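The chains referred to below are lettered A, B, ... by the order of the sequence lines, with proteins before strands, and numbering in each begins at 1. Note that the coordinates shown come from a computational prediction; the quantities given were computed from them, not determined experimentally.
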Amino acid sequence: MLFGYILDVVKDEKLAEQYLAETFSSIPLQENEFFTSDGNEYCKLQNLARTALSSFYNSNKNDSTENGSPKRPNSFLKLMTATQRQVFCGLYYCGKTTSGLAAELNITSTEVRKLLKEAFTIVRNNSGNATGVH
Amino acid sequence: MQQAYINSGILETYVLGCASEKEAEEVLYMAEQYPEIMDALRQLEDDMEVIAANMAINPPPHVWPKVERKIEDLIRHRPLEPALYRETTESYRKAHTDGSHIIAIEGESTHMRVHKVWRWVFLGVFILGKIFLAFAIYYFVQSMRSEREIEKLQNQIEQLKR
């Protein structure tokens, strides 16, 4: 699952492999935090991946090509409105902050969070009939 | 109030990992205080897994040995943790406040590790030892031979005297 996420962020298989290796090898360095804290294991791994990808996010901060949407078809994104998609992809794939994205879209941070909530509701309501890339 | 907090979208920003440090602390505090918020957070984490599973692909098989090697390297060359240093200084402080100025150090291992340069020093000493031994044997044989010669000559002189 994590490889799919990283690949959608960096859009290059070789680079994705490197980031995946970097993510997993960062676990022993943060083992206390990783193994003792509560929560979903995948989310913890994804947070580590986001940390590993931080330099990539920063280097592509100004690249607004397709608003960070993944190259591969994503059934959830198709169901979102353009703004919901822009918010979701900006935060999820481009690693932007809510305040940064709010300034970019010329809306408030509260509106960004509301749009993100709507995007998650779409995911939850359609999780039963999702057809992604496997 | 809890429902308003859940509806604000802050939990979504937290699970995506894009909440600020202050926001993240607030979310964790609220989740600890209110079970509804904790449930909503867990549900969102499940949603994150659904999103990821929807786009999941298997990494190429050659990636895992690379990851394993990296982790093994990290474990082998793990730097000393500052906690260990603090424990040492604490024990040192205790030893001083107890009035004792001697810290007993007892190594469990029967082996010791030395610098690699000693390998060449030991080799040099070994070779020099062999050379000295060869010289010693050579001079010993020579001296024995000379002694025998002297004895033979003395016998001849005595025979001539008679």
Please determine whether side-chain contact (heavy atoms from CB on, under 4.5 Å) holds for the pair Cys18(B) and Thr97(A), giving the CA-CA distance in whole Å, both sets of side-chain angles, and the decisive distance to 0.1 Å.
CA-CA 5 Å; Cys18(B) 52; Thr97(A) 59; 5.6 Å; no
Can you check side-chain contact (heavy atoms from CB on, under 4.5 Å) on Met1(A) and Met55(B), steps first, answer last?
CA-CA 7 Å; Met1(A) 289 200 289; Met55(B) 296 295 280; over 6 Å; no
What's the verdict on side-chain contact (heavy atoms from CB on, under 4.5 Å) for Phe88(A) and Ile51(B), showing C-alpha distance, side-chain angles and the deciding distance?
CA-CA 11 Å; Phe88(A) 183 81; Ile51(B) 295 166; 3.8 Å; yes
Please test Leu16(B) against Leu116(A) for side-chain contact (heavy atoms from CB on, under 4.5 Å), starting from the C-alpha separation and ending with a verdict.
CA-CA 10 Å; Leu16(B) 276 190; Leu116(A) 182 65; 3.6 Å; yes
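One distance of note links CG of Asn54(B) with OG of Ser75(A); it measures 4.0 Å at 0.5 Å rounding. If you take CG on Leu20(A) and CH2 on Trp64(B), they are separated by 5.0 Å, rounding to the nearest 0.5 Å. Between Asn40(A) atom CG and Met48(B) atom CE the span is 8.5 Å, to the nearest 0.5 Å.
Both the backbone and the side chain of Leu44(B) have a heavy atom closer than 4.5 Å to some heavy atom of chain A. Heavy-atom distances place the backbone of Ser8(B), and not its side chain, under 4.5 Å from chain A. Heavy atoms of Asn58(B) lying under 4.5 Å from chain A belong exclusively to its backbone. Within the 4.5 angstrom heavy-atom criterion, atoms from both the backbone and the side chain of Phe24(A) approach chain B. Only the side chain of Leu7(A) comes within contact range of chain B, judged by heavy atoms closer than 4.5 Å. When heavy atoms are compared at a cutoff of 4.5 Å, Glu13(A) approaches chain B solely by way of its side chain, counted from C-beta outward.
Residues Val50(B) and Ser127(A) come closest through the heavy atom pair CG1-CB, 3.5 Å. For Tyr42(A) against Ala52(B), the heavy-atom pair with the smallest separation is OH-CB, 3.1 Å.
A single hydrophobic cluster is seen to contain both Tyr138(B) and Ile131(B), as judged by linkage of ILVMFWY side chains at heavy-atom distances under 4.5 Å, directly or through other members.
Counting non-hydrogen atoms of other residues, nucleotides and ligands closer than 6.0 Å to CD of Gln142(B) gives a total above 12.
Between Glu23(B) and Arg113(A), at least one side-chain N (NZ, or NE/NH1/NH2) sits under 4.0 Å from a carboxylate O, which counts as a salt bridge.
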